[in-house]
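The next block holds one structure in the form of structure tokens; read it before the comments.
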Amino acid sequence: MSVPELPEAETIARQLRAEVLGARIVGVSVQRPMSVRPHSTRAFRALVRGRTVTDVERRGKCPLLRLGTDCWLIVRLGMSGRLLVGNGPTRRPLHTRVALRFRDGRELRFVDPRAFGWLSAECAGEADSLSQLSRLGPEPLSRHWTPEMLAEALAGRRAGIERVLMEGRAVAGIGKIYADEISYAAGLHPDRRANTLSEAEMRRLVRAAKSVLRRAIHHGGTSAADEKYVDAYGNNGGFQLLLNAYQRTGEPCRRCGEPIARIPMNGRGAHYCPCCQR
DNA sequence: AGTTGGACCTGACTGC
DNA sequence: TGCAGTCAGGTCCAAC
């Protein structure tokens with residue numbers, strides 16, 4: 001099971017930019033009312049129908065479609081959400097929750113087996129001012145995200161670094177896969193208390209986050225295990241081949257050869273090398 | 001305010 | 001073969 005995080009959302013957003021920019025939404029089909037929030041189906045349809053996709057962006061783990069001049073369609077992929085571009089006449093995939101039909105006959109389908117995801121429409125002018133994303137921290141790949149900013153976010157936090165990374169307030173877009181990979185790359189134990197990091201360790205953590213996320217985007221994201229992530233064309237990513245920690249329990253650490261361990265943490269499992277991560 | 005753990009959901013897997 | 005139980009985890013929320 002691999003869940004969409006920042007690199008997967010970025011891959012989808014880039015592909016959608018190439019596919020649906022300029023396309024006008026002429027039909028909105030909501031198969032599962034809970035998959036549009038917080039609107040009623042009727043309100044969601046009224047917000048979206050008739051508008052043209054003028055931009056595609058990403059914030060954290062969320063692809064964003066700009067509709068017209070001032071509205072945004074916010075895509076919360078949840079655990080299993082997919083955005084698939086399909087031809088109108090082709091049969092919709094199982095678990096299609098919402099379908100947006102374009103004037104050229106194609107459809108953008110929100111397919112979400114686990115139903116943890118949803119779509120929101122919000123009119124706010126710029127993506128930066130979307131209230132639904134206002135609690136998100138800085139973008140890790142922005143040059144404005146620095147060790148100094150991380151230090152500020154970690155100050156006084158006794159929680160483990162993976163928990164803090166995954167909360168999304170210190171930095172946006174990181175979930176289980178990349179929290180494990182970033183901790184590994186930084187040589188830090190995933191449950192290391194956030195307020196005990198030295199300046200050097202914080203620099204390592206920021207550098208590791210940027211490098212892991214950039215490489216994952218370059219490889220089209222992670223498609224691991226069973227119900228895996230696929231991009232907007234239904235294709236797998238390639239980063240699962242380059243994972244160092246996530247889902248490698250018992251396999252040798254690529255750095256020191258010790259078996260990768262998996263320990264319960266925050267109600268989830270964390271994968272790490274007991275030898276390399278302190 | 002920070003921290004912790006449970007709820008939500010369903011496909012894949014495990015064990016009897 | 002089949003069925004019950006368990007696990008996965010993004011996000012929200014209640015309780016300490």
Side-chain angles (χ1 to χ4, degrees), chain A residues 1-10 12 31-38 58-64 74-83 93-98 110-120 122 130-137 140 150-183 190-197 213 216 221-230 236-237 239-240 243 245-250 260 262-272:
Chain A
M1 174 101 225
S2 54
V3 152
E5 305 177 26
L6 185 151
E8 292 74 26
E10 178 65 25
I12 291 169
Q31 310 283 319
R32 182 179 182 274
M34 282 288 283
S35 295
V36 294
R37 277 181 235 174
R58 175 196 56 76
R59 181 81 172 89
K61 302 171 185 173
C62 307
L64 306 173
I74 306 165
V75 182
R76 317 298 294 252
L77 294 165
M79 282 184 64
S80 59
R82 300 170 169 189
L83 282 175
L94 191 63
H95 306 305
T96 297
R97 309 302 189 183
V98 183
F110 179 61
V111 181
D112 186 22
R114 296 282 155 98
F116 271 36
W118 69 92
L119 306 184
S120 285
E122 190 175 324
L130 290 169
S131 67
Q132 293 175 56
L133 302 178
S134 63
R135 284 160 53 187
L136 271 186
L150 180 67
E152 206 169 307
L154 298 192
R157 296 298 307 270
R158 282 176 305 142
I161 49 166
E162 283 210 0
R163 172 130 200 163
V164 176
L165 289 178
M166 288 170 64
E167 275 171 10
R169 291 204 52 110
V171 61
I174 295 171
K176 192 77 217 101
I177 301 171
Y178 297 104
D180 281 356
E181 292 303 308
I182 291 166
S183 302
D191 208 18
R192 182 67 185 282
R193 305 292 112 181
N195 60 358
T196 66
L197 265 61
L213 295 172
T222 302
S223 301
D226 45 308
E227 212 180 332
K228 57 189 188 293
Y229 152 80
V230 296
N236 292 338
F239 197 65
Q240 63 279 5
L243 293 173
Y246 181 72
Q247 285 192 346
R248 291 195 68 241
T249 312
I260 296 296
R262 181 181 185 280
I263 52 169
M265 192 178 298
N266 310 315
R268 307 277 183 263
H271 310 78
Y272 75 109

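Numbers restart at 1 for each chain; the letters A, B, ... are given by sequence-line order, proteins then strands. What you see is a predicted model; the values in this text were computed from it and never measured.
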Q) Do A:Thr96 and A:Gln31 have side-chain atoms, one donor and one acceptor, less than 3.5 Å apart? A) no
**Q.** Atom-pair distance (CZ on A:Arg114; C1' on C:dT6), nearest Å
**A.** 12 Å
Q) Separation of A:Arg157 atom CZ from B:dA1 atom P, in whole Å? A) 13 Å
(Q) Take a 6.0 Å sphere around CZ of A:Arg169 and say whether it holds more than 12 heavy atoms from other residues, nucleotides or ligands. (A) no
Q. When the distance from CG of A:Asn266 to P of B:dT3 is rounded to whole Å, what number comes out?
A. 11 Å
Q: Give a yes/no on whether any side-chain N or O of A:His95 is located under 4.0 angstrom from OP1 or OP2 of B:dC9.
A: no
Q.
Nearest whole Å is fine: how far is B:dC9 C1' from A:Leu94 CG?
A. 15 Å
Q) How long is the line joining CG of A:Asp191 and P of B:dG5, in whole Å? A) 11 Å
Q. With distance as the sole criterion, is a donor-acceptor pair present between the side chains of A:Ser131 and A:Glu122 under 3.5 Å?
A. yes
Q.
Counting primed atoms plus P, OP1 and OP2 as sugar-phosphate and everything else as base, spell out the protein contacts along nucleotides 10-16 of chain C at 4.0 Å heavy-atom distance: B, S or - for each nucleotide, 5' to 3'.
A. BBS----
Q: Check whether the side chains of A:Tyr178 and A:Thr222 place a donor and an acceptor atom closer than 3.5 Å, and report yes or no.
A: yes
**Q.** Side-chain donor/acceptor of A:Arg163 to backbone N/O of A:Glu167, under 3.5 Å
**A.** no
Q: Give the rounded distance in Å between these two atoms: CZ of A:Arg158 and C1' of B:dT4.
A: 11 Å
(Q) Treating A:Arg192 as the side-chain partner and A:Ile161 as the backbone partner, does any N or O pair qualify as donor plus acceptor under 3.5 Å? (A) no
Q) CG of A:Asp112 versus P of B:dC8: gap in Å, rounded? A) 17 Å
Q | Residue whose nearest DNA chain B nucleotide is more 5′ - A:Ala115 or A:Ala159 | A | A:Ala159
